Novice: 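I'd like to ask some things about the structure below.
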Amino acid sequence: MSSATPTSVVVGLDVGGTKTNATVLDVDGTFLVDEMVEVPSRVHDGPEGALAAIEAVMAASLARCGIEGRHVVAVGLDTPGPASPRGVISSKGATNFSEREWWGFDFRAAVEARLKVPVVYSNDGNAASLYAHVRHFGLRAGECSSISAIVGTGLGGGVIEHGAIIAGVSGNAGELGHVHIPMDGLLEPDQPTPRCNCGFTADLESVASLTGIRNNLLPYWLTRYPDHPIHRIASVDDAAKAVRGYGERGDEMARRIFEQQAMAIGRMFTIASRFTDPDVYFVGGGVTEAEPAFRDWFVDRVRVHTDLRDEQAEVCGFALVPDLDMAGARGAAMHALRTR
Ligand SMILES: [Zn+2]
């Protein structure tokens, strides 16, 4: 950072199920923190615990770059959905906000009251998508559009149009995990139709997520590979997490699982290509942080399964979401800086 005292900064806060992390952005658009600054999110202690964690991590991030709290002009807050565009947690709760106290809780307003600065909310998939977009396009960000699919426990997504997040009237735009995907030729003839926690069958998250591997893909593929060493892992959660490591080592069953995920993402991008016809399709999540040869194979398979018209393929691109662990906080800060 420069030695001159900054006049004003924006703090980005990414609140997840286990950790809350923070970043600091000056009003010229330069990030003043290079590394992860994170604390346990305490979301399972309810709002009081989560707010205390937010205060602590914000103070730690400001201390890291020697900036006093009075220089903070806005805060960008992001959380996993579902939540309203103004940061009210769903009245049915959410995966990471399951305790009764969170249902219908106005998280954005509570953070604003606690920190006494304006707080701008974004969904975590949208925030990471905005960060990927701005990093990729730089000064052209405001002229370009992109779609992001981020594979994690669920599938996070985002639609960016002319450099702005499309959140929708209810906050559900960009919930790309819950787009129905044609399963013809994706599933094996005897493979059960995958089910999603949202109540849909055959949507993107039912295939392209860790939860999809755990609940749908792995149970089927293990019947096809009765001698696979994953059979010896007792916990279904641990077994699902082990698939990526096998994929990196070229294991045939794991590659078939990831091939189905890549095909599902490609088919979602094919649908997206007829809606917004974006400049770039971003792929993010654990698989893209994997060993480079495996990561490149995966992105290439997504590209192969994205069925574009020649005129589209000539002008669009495929890229990775960068700095994934910091992308949410950074995107939330950027969104706050642009919309405060
Ligand atoms: Zn779903």
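Residue numbers start at 1 and run along the sequence shown. Everything quoted here is computed from the prediction, not taken from an experiment. Each ligand, and each atom within it, is numbered from 1 in the order the structure gives.
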Novice: Among Asn21, Thr20, Thr79, find the one that has a side chain to side chain donor-acceptor pair (under 3.5 Å) with Asp14.
Specialist: Asn21

Novice: Going by atom types alone, do Thr30 and Asp28 pair a side-chain donor with an acceptor below 3.5 Å?
Specialist: no

Novice: Just grab all the salt bridge (charged side-chain N to carboxylate O under 4.0 Å, His left out) pairs involving residues 194-217, residues at least two apart or on different chains.
Specialist: Arg214-Asp237

Novice: Do any protein N, O or S atoms sit under 2.8 Å from the Zn ion (ligand 1), and which ones are they?
Specialist: His178 ND1, Cys196 SG, Cys198 SG, Asp203 OD2

Novice: Quick one: side chains of residues 262-272, donor-acceptor pairs under 3.5 Å with protein atoms, not counting sequence neighbours, listed by atom name and distance.
Specialist:
unit_1	atom_1	unit_2	atom_2	d
Arg267	NH1	Pro182	O	2.6
Arg267	NH1	Asp184	O	2.9
Arg267	NH2	Asp184	O	2.9
Thr270	OG1	Gly266	O	2.7
Thr270	OG1	Asp307	N	2.9

Novice: State which residue, out of Leu217, Thr223, Asn216, fulfils the side-chain contact (heavy atoms from CB on, under 4.5 Å) condition with Tyr220.
Specialist: Thr223

Novice: Any side chain to side chain donor-acceptor pair (under 3.5 Å) involving residues 331-340? Give me the pairs, sequence neighbours left out, ordered by first then second residue.
Specialist: none

